[in-house]
Every structure is written in structure tokens, then in C-alpha cells.
Amino acid sequence: MLSAIWETEGLQTVGIVVLVFASIKLLHILGLISFSEDSVEDELELSAVRHRPEGLEQLEAQTRFSRKELQILYRGFKNECPSGVVNEETFKDIYAQFFPQGDASTYAHFLFNAFDTDHNGSVSFEDFVMGLSILLRGTVQEKLIWAFNLYDINKDGYITKEEMLDIMKAIYDMMGKCTYPVLKEETPRQHVEVFFQKMDKNKDGVVTIDEFIDCCQNDENIMRSMHLFENVL
Amino acid sequence: MAAGVAAWLPFARAAAIGWMPVANLPMPVAPTEKNKRQDELIVLNVSGRRFQTWRNTLDRYPDTLLGSSEKEFFYNEDTKEYFFDRDPDVFRSVLNFYRTGKLHYPRYECISSYDEELAFFGIVPEIIGDCCYEEYKDRKRENAERLMDDQEDNKDAKLPNMTFRETMWRAFENPHTSTMALVFYYVTGFFIAVSVITNVVETVPCGSVPNMKEVPCGERYTVAFFCMDTACVMIFTVEYLMRLFAAPNRYRFMRSVMSIIDVVAILPYYIGLVMTDNEDVSGAFVTLRVFRVFRIFKFSRHSQGLRILGYTLKSCASELGFLLFSLTMAIIIFATVMFYAEKGSTSSKFTSIPASFWYTIVTMTTLGYGDMVPKTIAGKIFGSICSLSGVLVIALPVPVIVSNFSRIYHQNQRADKRRAQKKARLARIRLSKTGSSSAFLHSKRNGLFNEALELTGSTEDEKRLSKSTSLIESQHHHLLHCLEKTTNHEFVDEQYYQQSYLEAGLQNYPSQSPSLSSQDGVTGTCCTRRSKKQHHTPLPNASAPAHMQPLKHTHTHPQGLQELSTIHIQPLSTSRSSLNMRVEEPAPLNCQSSQITTAIISIPTPPVTTPEGDAHLPAAPTLQNVVKVSAL
């Protein structure tokens, strides 16, 4: 008699197990449950965005570089980014190699946004060469406008203290930790205060482009340093 | 239009003469070629190996580098050829693509270098011909898996500012991140083990009460086992709810396998709680207890091996399915045959075909329990055929499963090995990075040495030193120097940083050191002159040692230049530091140079710290000594 009870219990067990598995399988088929821990994409992503730059003649006309210089620039550019565009990751990697001691990624982010004039998330060779043309061959006025654009993170025409603080922190980050004297927390903030004292003429808390350009043009050191990198290429 | 047939276009156009007699309307005007260029040979110089081809060949694919105007960027006017600084072997395949229209992937080539070359020349890899496409895809997938392993390790890098939820999730996924996570990991593992052992021991017959038969422990110590079970289920419930809370994507988490296992493991307990009063179904629901065995699968979070096994089974699902299907077919065939063969014999166990299934399975898997044995001759013959074929059928899909397992297992081994080597790799990378930064500091010191030598007029040493840095290096160092000037801080090496950091900790007590002889350690930098041409002399950027007194930096101008903060002058004899050995002798001479005096004069009002004071400066060369470069 006991065996009869156990037999019915046994069959019940089997029945319940089968039922549960069938329901799990049903849910799986309906797609409510997934059995793969992390879905490995089998299809490789389509080849990266490709971009072909405009012809040499057009670029020669639009920038202040000679044909040979454009060729040199393009070769370097293409070597690093064969697909023809730089995305932010690659840009940060490249820039970080020049500053081994610190963390250059924040500043590289701001630089990237300054070069990416059409804000499409990638810097093509045209953007790159236009930016360089201003920086290396432009007038002092143009360079100052470019620097203002770099500082003005949200591109609203005003540099606020917060924006300047972000930029300053990014610059100090590039120094890294092993500096002398030891970097303190409030050093960037102090530096920003000095900057605003100098630049913000009407003391309204923001620096406009005219204030910026005026002030820089009156400062001898800054004017001199604008010509520092002219023979880079 | 496929490029290869472009050459046949003249033929197709000529054959259109055949339509002319039957045409109703006059024909459109034929396009004239603007500049009838003779087809010319182009020379492509790839790292010294010259390839030549017709210009038309390259023009077949105008959306690639060679087919478009992009190649003009690489045109060398002097030699009238196109120079590419790339791998000539891979270029062969690329050029063959233009010639034949088919892209081939050479087997010996590394997949990532090939991909890079294709990306450089603007060719989409999808057009690789069928003969080589499979190989290409396989290699690419293998490479991607390898890279994915590397990336998973990188994900462990700690991000700053993670919310509590994110930290919790990271702790759950990777127990090695913090001690709390490790504790949690071991505690859950322990409770899983306890729960499984409880389930097992519950059924063991333990000691008999005298007048009743043997009862299993579960019924004897019901309360104890119930408490144990409750505790375990509490822990599992709490763990599941915590994971649910911390998961970044709750819906996806709920659908994953581990979460289902968790739910199935604790559900029977709750159902049992609800159903205790109902007598009819309680029997059935007691058997729900069988699902408590699923708790053992929770161990797969703790054991890598279990996960590998599970993954293997999943990836061999089709082979296993084939095995099952073929076995089922064979079982049905042989069971039927055995049934009809044994039908004749008396007292045969083969009462029906389903009853013969058991015999067939036991025989095919070579188990041979012996509870059902054929007695007729025909039965015995078919029985032996059954066991022979069983071996074959089972042996067929097994190697496929084994090779899958071995591939996945080795992949995991590789990941572990790489993780172990990663530390050594990172250390080496860090070493090379400090190499480059120490090169900068080294060059600063050399810059100083250079000036010293210039002043003393020894030219051979100067030439030796100035040649040691290439143009790129010196430009890089100039860039780093500009950054130093912008922030008014300097790069120093690790050891000096530790030293000054400790000293900064003792800074609260400002004390004037009575005699200079008690000072030691480097105390600042000397004047480093970048180049003679620059008008804005970079300034001696010395500052008092931290233990001397609190530092006061004057404010710095933005945008690159700074003023001197403080100058610290100290007699050479006492500022002996091992870092400065080489440069000390010429240094006294150096300090007499006019730059220092001018710089000193231009200081606003720094709190000069030296006991000697500035007054001595212009007049007493022997006492002066500008302190040294702070590195190496």
C-alpha cells in the first residue's frame, strides 16, 4: 500500500516537473525569458563610417596651408585614423599619449568639441585642418576667438565661472599627481578667480568675447605667447 | 554595374547597331568624351616596392582611396609616383581586387593588420570573395572574442562617483571588488551548501522510535528542519531582492537564467506555506520540494567550471538535439523488433513496446542491468545488434561536444592567463610611461647643464648633449614645459613627490631653520632657460621647502606665463642632494648670469625665506647658489 502511495506521488512529481519545464520553455519561446547570460552579437558591426575628404585644391583654397603641408597633415591623420574620421575615444587616446603623467581625457573632450564644429560626434579631416589653419596661421584675433570658443563649453557666448572652473580642472588634471608643489584642491579655483579678476571688466560674473579679446590684446605676455607655435609645421 | 564588365561596354554599344533598323524614334545624342585621355600607367610605390597599373583599373572603384581623388594626397611631385607607407604584401591583395574584382584574404595574414589595411584603402571587407569569406569571418570572430575578454577585464576599473546602486551591482557581479562583496559571496555560498545538505539529510532514516518503523530525519525533527529551511529561504529572498534592486536593467535581469533559478528555488517554500491546510493537494505540493534541488544551480555564480559546462551544453544544443533524436529513432525501432521477436516466448518480460523501451535504452547505453533478458534466438540476435549499434550512435556526436568544450575551456584558460599576465604588462607599460616622463625631467636638467656649459664655453660637451634629443622630443618637452608654466606647478618624479608630500604634512609648524647646514633635500628649481630667443624668460621657479615655512604662491597669469613665486637661494655646500651631483660644479658660475638678478628684481614681494636674504644676491657670488632641478 505504501508503494502505491509512493507510486502516485512519484507520478505526480514527474508530472509537476514536466509541467514546470514546459512552461519555462513556453516562456522562452514567447521571448519573455532569455537563456543567454550576455548576448554576444554574432554579426560584427558594419564597417566603420568612412569619410573621404574634399580634394586637395579645395582644401588649399579654404585653409592657409600649402599643398605639401596638407599632404603631410593628411598622411599623419590617415595613419592614425584609417577610416578618415576621428571619434572621441581615439582622440582622447592620441592626446593622452603626450601627457603620460596626468589624465588628459577631460581636456581632450573639450578640445574635441572645439574641433568638431558641426557637432556630429566625429572630427573629419576638413574639421581638423580648418582648426589647425586658424591655430597655426590665423591672425591673433582668430586665435583668441578660437580660445574663447574652447572655454565657452555650452557655446552661448559667455564664459561663466563654472565653465572656466571645468576647463581649469581639466588642465590641472593633465599635470597628474606628482607635481611640485603638491597640487591642492583649491588651486584651480584660485586660478579661476585671478582669471576673472583680470578679464571680467564690468564684474557681471561672465566674460563676453569682447571683454576677452580686449583684455588679451592688452596683455603683453599673452600676445607674445600667441605666436609661440607658428613654426610648428 | 560591375566594374569588370566595364571593358565590354564598347562591345555592347557596338552591338546596338542591331536595334537601329527597327527603332521607331530617333536615337539620343551620344555622349562625347570631354578630354580623350590616353590611358596611362600609374606607379604606386608602397614602401619601396613599385606596383604599376593602368589608371582605368583604379578608376573602377571610385569610392575607395585609390579610385578617388584622395590618392592625390599621397602624390610625390618629385618622383611622379604615389607613395604609400604601408605593408606591400597586403597591398598585393588590395591591388588584385582592382584588377580582378575579387578580394581575397591570405591565410597567413593577421586579421587585424589586414582589416587596418582595408580600412586605410577604403575597401569594405564584406566584398571578400566566397572562397575566402568564411575564413575571414572565423578569424574575425575569434579575434573579437579575445578582445571581448580583455574588455571585460577593463570594465573592472573603478569609476569614480558611482551611485550606491551601481556599487552594489558591481559588488554582486564581481566579488573581488570589496571586502563586503567577498563576505556576501561566501555567506551566500555557505547557505546554499547548508540548504542542499539539509535537503539531503532530511530524507536519511535516522534512528527508529521503538514501536514505529524507521522514519526519515525530516519527520523526526520537523521543527529543526523547518527552521533551517526558513533561514535559508530568508537569505535567498533577501539576496534576490537586493539583486533586483541593484540591477541596471531590471526587466533584463528578471528574464535571465540565474534569476529564474533563484525564483524556482525559493518558490516551493512559499507555496508550501500557503498550502499547508489543504489536505488533498498537499501531497502533490510536497513533491514540489523536488525543486529545492535547483538551489544547487545557484552555485554556478560561484563556480567558473559550472558556468563553462553550462555554456558548452548551450552551444552544443544542436548536437545534443541530434543525439537525442537519433537515439529515439533507434530505440523505437529496436523496441518494436524486440517486442515482436519475444512475443512468442512464455513469461517474457517484454509485455508491450513501451516496456521494451527500457530494455533498449539499457542495452544501447551498454548498461545491461539484466532485469529484462531476451530468451528466444531471434531476440538474442536482435539484442546483440542493438547493443552494437548503440555504441556507434552514441559515439558519433560526442566528439563535436568535446571539441566545443575544449574550445571554450581553452578560451577561459586564455582569459585567466591574460589576466595574470596583465599585471606584468601594466607594470611594463607604466615603466615605459615613466620613462617618457623621466625623459622630460632629464632634459630639463640637461637644459640647465647646457646653459652652464654655454657660459663656461665648453662647446664639445654642449654639442654632445644637444644632439641627444631629437626634434620631436624637444618639441614634446617644450609642450610639457608650457603646461608647467600654465599651472605654475612642476613635474617631479615619484620619489620626490613622496618626499614633498610628507613634508607638506608637517607644514603646520612653520619654523625658520636656523642654519642652512641642517637643510637637506632639494629645495627648488633653478632657472631654466628654454631658448635664447624668447623674450619672456621663463623664470626661476623656486619655492621654499615646505618644512621651512608656509608657501605663498603669488597668483599666476592665465594663458601661459607666470611670475616667479619665490626664489630660494641657498649656499651650494649645504644643499647637497643626490639628485644634483652632476650639475653642481658649473652651477656657481651659472648663477651669476644676469637672468637671475633680473628675475629677482622683478619679484613683487615674495616672502623670501633664505636667511641670507636678497641683499647679498648681486654682490656675493660665492654665497649664491640657485637651487637645483628637482628631479632625477
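Side-chain atoms are counted along with the backbone in the values below, which use heavy atoms only and exclude waters and symmetry mates. By convention in this document, chain letters (A, B, ...) are assigned in the order of the sequence lines, proteins followed by strands, and residues within each chain are numbered from 1. Owing to the predicted nature of the structure, the values given are computational and were not obtained by experimental measurement.
When heavy atoms are compared at a cutoff of 4.5 Å, Leu59(A) approaches chain B solely by way of its side chain, counted from C-beta outward. Of the atoms belonging to Arg430(B), not a single heavy atom falls under 4.5 Å from chain A. Residue contact with chain A, scored on non-hydrogen atoms closer than 4.5 Å, is absent for Phe84(B). The part of Thr64(B) that comes within reach of chain A is its backbone (N, CA, C, O), which places non-hydrogen atoms under 4.5 angstrom from that chain. Only the side chain of Glu77(B) comes within less than 4.5 Å of a heavy atom of chain A; its backbone N, CA, C and O stay farther away. Within the 4.5 angstrom heavy-atom criterion, no atom of Tyr107(A) approaches chain B.
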Practice task
Kindly indicate, with the supporting measurements, whether the criterion salt bridge (charged side-chain N to carboxylate O under 4.0 Å, His left out) is fulfilled by Lys169(A) and Asp166(A).
Solution key: CA-CA 5 Å; Lys169(A) 278 199 201 145; Asp166(A) 284 339; 5.2 Å; no

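Side-chain atoms of Gln217(A) and Met223(A), non-hydrogen and from C-beta on, do get closer than 4.5 Å to each other.
Contacts with chain B were tallied for Lys68(A), Met175(A), Met174(A), Arg75(A); Met175(A) has the most, counting heavy-atom pairs under 4.5 Å. Of the listed residues (Leu183(A), Ile171(A), Asn79(A)), the one with the most heavy-atom contacts under 4.5 Å to chain B is Leu183(A).
A perpendicular orientation is assigned to the rings of His489(B) and Tyr172(A), their planes being inclined by more than 60° (bins at 30° and 60°). Note on ring orientation: taking the six-membered ring where Trp is involved, the planes of Phe294(B) and Phe21(A) are tilted (angle from 30° to 60°).
Residues satisfying the salt bridge (charged side-chain N to carboxylate O under 4.0 Å, His left out) criterion with Glu57(A), sequence neighbours excluded, are Arg67(A). Applying the salt bridge (charged side-chain N to carboxylate O under 4.0 Å, His left out) criterion to Glu70(B), with sequence neighbours excluded, gives Arg52(A), Lys78(A).
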